[in-house]
**Student:** 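Below is one structure. I have some questions about it.
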There are 2 protein chains.
Amino acid sequence: MLSIGDLSKRTGVKVPTIRYYEQMGLMGAAERSEGNQRRYEKTDLERLAFIRHARDLGLDIPAIRELIALSRHPEMPCADADKIAADHLVAVREKIAKLQRLEHELERIISHCDGHSIEDCYVIRALSDHGLCDGEH
Amino acid sequence: MLSIGDLSKRTGVKVPTIRYYEQMGLMGAAERSEGNQRRYEKTDLERLAFIRHARDLGLDIPAIRELIALSRHPEMPCADADKIAADHLVAVREKIAKLQRLEHELERIISHCDGHSIEDCYVIRALSDHGLCDGEH
DNA sequence: TCTTGAACCTCTAGTGACTAGAGGAATTAT
DNA sequence: ATAATTCCTCTAGTCACTAGAGGTTCAAGA
């Protein structure tokens with residue numbers, strides 16, 4: 001049996017975060033010691049690694065909750081799980097595209113600025129005047 | 001003189017957001033009508049467009065506050081303003097790189113999944129077992 | 001066995017940039 | 001004059017945690 005601190009050390013997930021995951025229904029109520037402290041088993045270690053991995057990939061808590069629910073039904077088709085991942089991939093790609101537009105706009109603004117004083121600073125001017133932008137955003 | 005609603009319509013910034021910007025010190029306290037309602041002038045319109053544009057580029061409120069302060073000193077060198085933009089560009093590029101790593105990982109996980117049931121779903125398996133990942137994240 | 005110090009417990013509040021809603025006052029149009 | 005709309009302030013909610021207060025339990029050494 002592991003304490004919450006042990007679990008934390010082994011997974012790299014902070015103690016308050018583990019409690020938070022329990023609250024959010026990702027971790028399931030742990031067993032308790034006589035003195036009301038949480039006690040975990042190896043399966044909890046795997047569960048937490050799963051959650052952490054999904055979070056690292058950017059999945060949000062409701063999505064992870066659903067994946068956990070799915071993983072409890074090994075006989076079901078895996079289309080639902082695939083869809084969660086695929087939807088997330090679409091969202092990630094949209095974010096990338098948006099950030100790349102920002103990147104180009106910032107590059108352009110910065111490269112145009114060769115003034116020496118705020119008065120003719122292109123950064124400030126570009127922000128003031130949307131007409132100086134390339135694309136729309 | 002414009003009401004807050006007029007300002008909102010002309011800039012596309014929602015009314016509560018304008019009040020929020022005032023609270024955050026980006027907008028400066030507006031004049032008031034006899035009945036205590038905010039009244040704006042054209043300069044406020046430009047200011048708000050500036051803020052909105054900076055936000056669209058992803059700059060946060062402290063950065064915008066600083067840019068506004070700088071723009072009030074036209075004789076100062078513009079290195080500070082450039083630095084704010086350049087630092088932000090670095091942050092944007094880091095976010096892009098991180099998201100691209102996620103993109104590839106998700107692509108790989110999804111493409112490997114040709115199972116029909118949860119039991120052998122690669123999405124679930126990959127999340128459970130970090131060893132199935134390509135890179136580290 | 002006792003004591004000390006670390007780890008644990010619950011609960012509340014804070015993060016950023018808004019957004020939503022309550023309850024009431026001012027303004028504008030009819 | 002009245003009705004509809006807009007405005008005011010204030011509080012609380014979003015997301016995934018993080019920090020802290022104030023108190024309890026546990027494990028190791030004396």
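Below, chains carry the letters A, B, ... as their sequence lines are ordered, and counting in each starts from 1. Keep in mind the model is a prediction, meaning the values are calculated, not measured.
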**Student:** Describe the nucleic acid contact of A:Arg65 in one word from base, sugar-phosphate, nothing, applying a heavy-atom distance below 4.0 Å.
**Tutor:** nothing
**Student:** Among C:dC9, D:dC17, C:dT27, which nucleotide has an atom closest to any side-chain atom of A:Ile61?
**Tutor:** D:dC17
**Student:** Report yes if at least one side-chain N or O of A:Arg52 is closer than 4.0 Å to OP1 or OP2 of D:dC17; otherwise report no.
**Tutor:** yes
**Student:** Roughly how many Å is it from CD in B:Gln37 to C1' in C:dA26, rounded to a whole number?
**Tutor:** 5 Å
**Student:** Does a side-chain N or O from A:Arg32 land closer than 4.0 Å to OP1 or OP2 of D:dT24, or not?
**Tutor:** no
**Student:** When you check the phosphate oxygens OP1 and OP2 of D:dC26, does a side-chain N or O of A:Ser33 lie under 4.0 Å from one of them?
**Tutor:** yes
**Student:** Please determine whether a side-chain nitrogen of the Lys or Arg among B:Arg38 and B:Glu31 lies less than 4.0 Å from a carboxylate oxygen of the Asp or Glu.
**Tutor:** no
**Student:** How about B:Gln100: does its CD atom have over 12 heavy atoms from other parts shown lying under 6.0 Å from it?
**Tutor:** yes
**Student:** What's the CG-P distance between B:Asp6 and C:dT27, to the nearest Å?
**Tutor:** 14 Å
**Student:** How many whole angstroms separate atom CG of B:Leu48 from atom P of C:dC18?
**Tutor:** 11 Å
**Student:** It should be established whether A:Arg38 places a side-chain nitrogen or oxygen under 4.0 Å from OP1 or OP2 of nucleotide C:dT10.
**Tutor:** yes
**Student:** Name the residue closer to the 5' end of DNA chain C, choosing between B:Arg55 and B:Gly35 according to the nucleotide with the nearest heavy atom.
**Tutor:** B:Arg55
**Student:** With DNA chain D as reference, determine whether A:Asn36 or A:Lys14 sits nearer its 5' end, using the nearest nucleotide of each.
**Tutor:** A:Lys14
**Student:** What is the distance, to the nearest angstrom, from the CD atom on A:Glu31 to the P atom on C:dC9?
**Tutor:** 14 Å
**Student:** Are B:Arg47 and B:Glu41 close enough for a salt bridge, meaning some N to O gap below 4.0 Å?
**Tutor:** no
**Student:** Could you check B:Lys9 against A:Glu34 and say which one's nearest nucleotide on DNA chain D is further toward the 5' end?
**Tutor:** B:Lys9
**Student:** Measure from OH on A:Tyr20 to P on D:dC15 and round the result to the nearest Å.
**Tutor:** 8 Å
**Student:** Could you state the CD-C1' distance from B:Glu22 to D:dC10, rounded to the nearest angstrom?
**Tutor:** 15 Å
**Student:** Please tell me which of the listed nucleotides, D:dT9, C:dC8, D:dC7, lies nearest to the side chain of A:Ile4?
**Tutor:** C:dC8
**Student:** A quick test of your reading: do over 12 heavy atoms of other residues, nucleotides or ligands sit less than 6.0 Å from CD of B:Glu66?
**Tutor:** no
**Student:** Side-chain N or O of B:Tyr21 versus OP1/OP2 of C:dA17: is the shortest distance under 4.0 Å?
**Tutor:** no
**Student:** To the nearest Å, give me how far apart CG (B:Leu7) and P (D:dC7) are.
**Tutor:** 10 Å
**Student:** Check the phosphate of C:dA7 against A:Ser3, side-chain N and O only, distance under 4.0 Å to OP1 or OP2. Yes or no?
**Tutor:** no
**Student:** Is the backbone N or O of A:Ile4 less than 3.5 Å from a side-chain atom of A:Arg19, with the two atoms forming a donor-acceptor pair by type?
**Tutor:** no
**Student:** Which heavy atom of B:Ile109 sits nearest to which heavy atom of B:Tyr122, and what is that distance?
**Tutor:** O-CD2, 3.4 Å
**Student:** Would you indicate what B:Arg19 reaches in the nucleic acid, counting non-hydrogen atoms under 4.0 angstrom: base, sugar-phosphate, or nothing?
**Tutor:** base
**Student:** Rounded to the nearest angstrom, tell me the gap between atom CG in B:Leu59 and atom P in C:dG16.
**Tutor:** 15 Å
